Amino acid sequence: MLTLTVTNKLETQQLSLPAGPIELGRGPARDGLKRVVVRDAFVSRDHLRLEELPGGRVRILNLSAKAPVAIDNHSLLNPGTDCEYPLPVRLGVGETIVDVDAPEPELVDDSGLMTVRAPVRGAAAQPNLLALNESASVEEVVGWLETVVTVQKAAGSQEFYQQTAEALVERIGLDSGLVILRDGDGWRVVGGMSRVDRPQGRAFSHTILNRVLADKRTFYLPAMAAGSGESLVGVQGVVVSPIFGARDDVVGVVYGTRVQRARVREIGKLEAQVVQLLATAVGAGLSRVEQDAEAHQLRVAKEAAEEADRAKSGFLAMVSHELRTPLTTIIGYSEMLLEQAAADNLPQYSDDLKVVHSAGQHLLTLINDILDLSKIEAGKLEVGKEPYAPTSLIQDLMVSVEPLAKKNNNRLELDCPADLGRGVGDPTRIRQCVLNLVGNACKFSANGLVKVSARRAADAAGDWLTVQVTDTGIGMTAEQVARLFQPFTQVDSSAGRKFGGTGLGLAISQKLCLAMGGQITVQSEAGKGSTFTMTIKAVL
């Protein structure tokens, strides 16, 4: 037998496997094999297969096409390979830890176990309170408490009220039971049961209800203490308890009566306390019904909003795709015309053609950003997992951003070790994020310094690549920083007019970094520049 403990940020699962193989993955079971479904975006659909072997060993097979499996934090099992390993063993898949062990047999002597009366279920025999001639036993008290819990299981409010009224008669031993709710300035019976016919008199006493409403307490009249009055004709005893709403106001009462009989026990404190317990259950049930209704409304509203968001993202993706095709044609023909104008020695056309080409490139960048954002919001963003060299990637990128720095007469400085090792991730998305940060630093700085630093570090949480971009530009206030990563948001409207842009670059970069297991943080002060720090997992 194997025991598996699966732990990540979202869940902890523990299970036992008597015999045979078991698989772990993000997807559902396949081929009839036992499966542990793991809620981890970095775990493959089919990632791992385990099978116990004789001699306290386990066979481990990596089913993933790309991601290795870490074994006891010191060795890697490559995709498509398997190995045998002694138990216990700790495996790392994505952001999930899997502890595998063969448990010691549990030896328990059950001969000394003791038991109590079985829980009350349905209409199980249970003496009512008023039928007792002596004090209640522990089992009988617990039985009444279990009755209250059973009442709470009612499916709808009407069934809930009716079961409460029946409990007053069947479990307390009263002759009639009512659940009465406030209806404006009056009262309305919503559930009732009676074991006798009482055609004379009123169903309940307004005087007693008003006293309960005013004092917010349970009241009762013992046997022969009920006075005369139309509402108490033929009644020997009364017990009434308030039902409290979510705002601690009385929204109703539980009302029970006992008719005049010889040789019956009086309604006492015990009966009043149990009726009060039932009233508390009714109040809790009303709150539950109200919360369920609110939760349903919120769920419907959330689903409608998500559907609208998906429709919007789908529309943006379709429009962006349709716009890119003619724009690519415009950019291509403008480049051809520029080359032709140069060949024909027609410099008077070159400036206008450069404006057309530049505007086309700017619009294409905007459309690509909108397409990226729509993919992210629609949940269709895919992050690649391929080998790359962080040092080469950043050094090559610095060459491409030189023109951006020179445009505002900025000095570009790189602080990057000669060897940051190898990484596994999406180099295209990493390049996009760093380019956005450096491009913003160059755009919002003039005659200043833009410094790019890169580091690689490992800690208990993982292996990290950090790229820091520092500028001496205009900086930001705390309020501007707070809304920095919102889509279509500039630091302020004047900055948008002066420096251009749509405010999509940082929002997209932040979402990309989150998808790569990290984030972008910022430190800034108005007039003194900004420092953006991008941290992502070096190995996804």
Side-chain angles (χ1 to χ4, degrees), residues 6 8-13 26-29 35-41 119-123 145-168 171 177-193 212-213 216 241-255 275-317 373-381 486-487 511 514-515:
V6 181
N8 57 37
K9 295 178 181 178
L10 298 178
E11 62 183 347
T12 296
Q13 302 182 57
R26 198 172 70 252
R35 164 67 62 113
V36 179
V37 179
V38 181
R39 296 168 60 196
D40 183 344
V120 172
R121 295 188 298 275
L145 296 178
E146 290 169 351
T147 297
V148 174
V149 175
T150 302
V151 168
Q152 281 280 345
K153 295 179 181 178
S157 58
Q158 188 54 51
E159 180 185 359
F160 179 62
Y161 300 142
Q162 192 59 35
Q163 286 193 14
T164 301
E166 291 173 3
L168 289 172
R171 301 299 184 219
L178 301 173
V179 177
I180 311 171
L181 297 184
R182 292 277 289 164
D183 189 1
D185 293 331
W187 300 87
R188 177 169 52 92
V189 176
V190 293
M193 181 181 182
V212 172
L213 180 63
K216 296 185 178 181
S241 187
I243 300 170
F244 292 100
R247 291 177 292 276
D248 200 32
D249 54 335
V250 177
V251 297
V253 298
V254 172
Y255 188 103
V275 171
Q276 181 168 288
L277 183 60
L278 277 170
T280 301
V282 174
L286 288 175
S287 297
R288 183 195 67 198
V289 171
E290 184 178 346
Q291 290 169 0
D292 288 347
E294 291 178 355
H296 175 72
Q297 291 175 353
L298 289 173
R299 185 166 58 252
V300 170
K302 178 176 178 289
E303 291 173 354
E306 289 175 345
E307 182 59 33
D309 192 56
R310 284 192 293 269
K312 178 206 69 176
S313 299
F315 172 76
L316 286 175
L373 184 64
S374 65
K375 285 181 178 179
I376 292 169
E377 291 184 343
K380 296 180 180 179
L381 175 70
Q486 298 175 11
K511 293 180 183 293
L514 291 172

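Sequential numbering from 1 along the given sequence is applied to the chain's residues. These figures come from a predicted structure and were not determined experimentally.
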### Query
Looking at Met193 and Ala165, what are the two nearest heavy atoms and their distance?
N-CB, 3.9 Å

### Message
Any non-hydrogen side-chain atom of Val179 less than 4.5 Å from a side-chain atom of Ile243?
### Response
yes

### Message
So does Phe244 get a backbone contact from the side chain of Lys216, meaning a donor-acceptor N/O pair under 3.5 Å?
### Response
no

### Summary
Residues at least two apart in sequence or cross-chain that pass side chain to side chain donor-acceptor pair (under 3.5 Å) with Glu11, listed by chain then number, are Gln13

### Message
My understanding is that only one of His296, Lys302, Gln297 makes a side-chain contact (heavy atoms from CB on, under 4.5 Å) with Val300; could you say which?
### Response
His296

## Note on the structure
Contacts of Ser241 meeting side chain to side chain donor-acceptor pair (under 3.5 Å) (sequence neighbours excluded), chain-then-number -> Thr218

### Task
Only one of Ile180, Val254, Leu286 passes side-chain contact (heavy atoms from CB on, under 4.5 Å) with Tyr161; say which it is.
Leu286

### Message
Using 0.5 Å steps for rounding, measure from the CG atom of Leu168 to the CD atom of Gln163.
### Response
12.5 Å

### Task
For the residue pair Tyr255 and Val212, establish whether any side-chain heavy-atom pair is separated by less than 4.5 Å.
no

### Query
Measuring from Arg39:CZ to Lys9:NZ, what's the distance to the nearest 0.5 Å?
13.5 Å

### Message
So Arg182 and Leu213, do their side chains get closer than 4.5 Å, heavy atoms only?
### Response
yes

